[in-house]
J.: 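Sharing a structure, written as structure tokens. Questions coming.
Chain A is the first sequence line, chain B the second, and so forth, proteins listed ahead of strands; every chain is numbered from 1.
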Number of protein chains: 2
Amino acid sequence: MAYRKTERVEARLADNRKRILDAARRLVSEGGWSEAQISHVASAAGIATGSVYRYFPSKADLCVEVLSVVSQREVDVLEAIANNAEAAYQTLHVAVSAFVERAMRNRRLAYALIAEPCDREIEEARLVYRHAISKQIMRIVKDGQASGDFRADLDPSIAATVIVGGFMESLIGPLSPLNTDFDRSGSEGPEAVHALAGQIAEVCCAAVAVYPDKIASLDTHQRRHA
Amino acid sequence: MAYRKTERVEARLADNRKRILDAARRLVSEGGWSEAQISHVASAAGIATGSVYRYFPSKADLCVEVLSVVSQREVDVLEAIANNAEAAYQTLHVAVSAFVERAMRNRRLAYALIAEPCDREIEEARLVYRHAISKQIMRIVKDGQASGDFRADLDPSIAATVIVGGFMESLIGPLSPLNTDFDRSGSEGPEAVHALAGQIAEVCCAAVAVYPDKIASLDTHQRRHA
DNA sequence: AAAAGAACTGAACTATGGTTCACTCGCTGA
DNA sequence: TCAGCGAGTGAACCATAGTTCAGTTCTTTT
């Protein structure tokens with residue numbers, strides 16, 4: 001008598017939800033938030049506009065979930081790096097350069113998640129993940145302070161915030177669709193990206209390192225050639 | 001025969017324009033960009049909605065001008081600090097802490113200009129001024145590198161970007177109307193703001209300084225008490 | 001004072017895009 | 001097979017806010 005969802009239907013519903021999320025993410029990573037209109041997302045997912053609302057209560061919820069999924073992966077990556085704590089300097093260097101290189105691999109998406117104008121609810125979610133990222137960086141900073149690799153006199157929370165802001169800002173230029181400087185310079189290759197990431201990481205590390213000389217112990221490949 | 005604007009009228013028109021700009025700035029500094037609706041601005045300026053379009057071709061132009069006026073003043077302040085170059089470390093410290101303290105004096109406005117969601121045209125203007133700020137910081141960094149106060153092996157452009165991003169990010173938390181952490185902590189007084197500015201500046205300086213010890217030469221008041 | 005030109009007015013227009021809902025379709029269970 | 005229920009549909013609805021413009025008021029000039 002009672003209608004009971006069969007496994008098959010359950011699977012189809014789950015698949016629909018996933019298709020909506022994937023479509024939204026794809027659209028955002030192609031053209032930013034403005035492409036993530038419900039009607040676009042729906043047709044990209046192969047369903048009708050109204051059906052989206054069977055899976056997500058509002059556009060904001062959908063967008064926030066897109067952001068969350070992608071951002072959480074980055075937080076996880078940083079957490080893994082922070083856990084695998086060897087020398088703090090190297091750990092911080094790897095964390096920053098990994099983040100930069102990963103962002104550069106999907107620039108449009110990274111730009112949307114990091115810097116693109118968006119509405120309040122997305123902005124709030126963005127802040128949450130920025131904070132989570134900052135927390136991982138702070139862990140590395142604290143470890144380094146404990147081991148004596150990093151200056152103990154700096155407030156680790158502020159240091160972490162400055163570092164996060166620093167590499168985020170450094171990304172905005174290269175990521176921004178508005179900015180043509182980076183594209184013009186032809187520094188598109190993975191080689192150039194790697195070099196850029198290394199330089200950014202170096203400055204970030206310097207902000208907390210006890211002695212700049214520490215740098216000498218880094219793989220030369222990761223360093224800016226003088 | 002031909003109609004000729006008398007001085008009196010000319011003055012009134014100029015005054016109207018100024019009143020519109022002032023009203024817009026006041027509204028933005030009270031409630032952010034969303035308050036800067038043409039109808040609001042018009043009534044705040046004591047004129048009709050349509051009249052605004054006698055002075056500004058579009059809302060975007062008006063908003064960009066509001067942003068420009070305020071941002072340019074900050075750039076000018078930084079330029080003056082950068083010009084008055086004594087020891088690079090102190091110069092950079094003063095530049096960063098001055099920026100932070102000035103922003104904290106009008107938080108809502110600073111938040112709108114620095115971080116609040118806004119439309120493309122405002123965002124573009126924002127990038128222009130961020131770049132101008134970065135340029136001034138870069139001058140200080142280069143001077144410091146030349147004098148040997150700052151590490152010569154860092155790319156000054158990247159270092160400046162990281163520094164600017166660093167203190168901007170550090171501001172977002174305290175400035176954000178979304179964030180209640182800062183308000184809760186009761187750290188509202190000028191004393192607390194000064195301390196915060198000093199800490200942020202210290203981390204930024206550390207990013208480029210040759211030796212952290214340099215800090216010892218700073219006025220103790222500007223430093224975080226251990 | 002009166003014609004002419006400019007400024008002012010604000011209600012109406014418009015564009016955008018999220019959200020709804022009356023309806024149809026397709027599963028489920030008997 | 002068929003009654004009943006949830007899923008799917010997409011055109012219509014609505015809310016917001018920027019922009020326009022025909023009519024009105026104020027200034028200038030003769």
J.: Without decimals, in angstroms, what is the distance between B/Leu62 CG and D/dT19 P?
T.: 10 Å

J.: Check A/Gln72, A/Arg102, A/Gln136 against A/Val77 for a side chain to side chain contact (heavy atoms under 4.5 Å, CB included) and give me the one that passes.
T.: A/Arg102

J.: Would you kindly give the OH-to-P distance between B/Tyr53 and D/dG18, to the nearest whole Å?
T.: 7 Å

J.: Using only side-chain N and O atoms of B/Asn16, determine if any of them is under 4.0 Å from OP1 or OP2 of C/dC8.
T.: yes

J.: Is there side-chain contact between A/Cys205 and A/Val96, with at least one heavy-atom pair below 4.5 Å?
T.: no

J.: Could you state the NE2-C1' distance from A/His40 to C/dT16, rounded to the nearest angstrom?
T.: 11 Å

J.: Specify the separation, in whole Å, of atom CG of A/Asp119 and atom P of C/dT16.
T.: 18 Å

J.: Specify the separation, in whole Å, of atom CD of A/Gln37 and atom P of D/dG10.
T.: 17 Å

J.: Which distance, rounded to the nearest 0.5 Å, do you find between the CG of B/Leu78 and the CZ of B/Arg73?
T.: 13.0 Å

J.: What is the distance from CD of B/Glu10 to C1' of D/dT27, rounded to the nearest Å?
T.: 13 Å

J.: Between A/Leu13 and B/Thr49, just flag the one whose closest nucleotide in DNA chain D comes earlier from the 5' side.
T.: A/Leu13

J.: B/Arg12 side chain: which of D/dA17, D/dG10, C/dA7 is closest?
T.: C/dA7

J.: Rounded off to whole Å, could you give me the CZ-to-C1' distance for the B/Arg17 and C/dC8 pair?
T.: 17 Å

J.: Whether A/Ser51 contacts D/dT9 is assessed here as follows: a side-chain N or O lying under 4.0 Å from the phosphate OP1 or OP2. Is that the case?
T.: yes

J.: Compare side-chain N and O positions of A/Tyr55 against OP1 and OP2 of D/dG8 and report whether any pair is under 4.0 Å apart.
T.: yes

J.: Between C/dT9, C/dT20, C/dG17, which nucleotide has the shortest distance from any of its atoms to the side chain of B/Ala48?
T.: C/dT9

J.: Looking at B/Asp143 and B/Arg139, is there a salt bridge between them, counting it only when a charged N and a carboxylate O are closer than 4.0 Å?
T.: no

J.: Assuming nearest nucleotide by heavy-atom distance, tell me which of A/Ile38 and A/Arg54 is located more 5' along DNA chain C.
T.: A/Ile38

J.: When you check the gap from the basic side-chain N to the acidic O, do A/Glu123 and A/Arg126 get nearer than 4.0 Å?
T.: yes

J.: Mind checking A/Ser39 for me? I need base, sugar-phosphate or nothing, with any heavy atom below 4.0 Å counting as a touch.
T.: nothing

J.: Rounded to the nearest angstrom, tell me the gap between atom CD1 in B/Ile47 and atom P in C/dA7.
T.: 13 Å

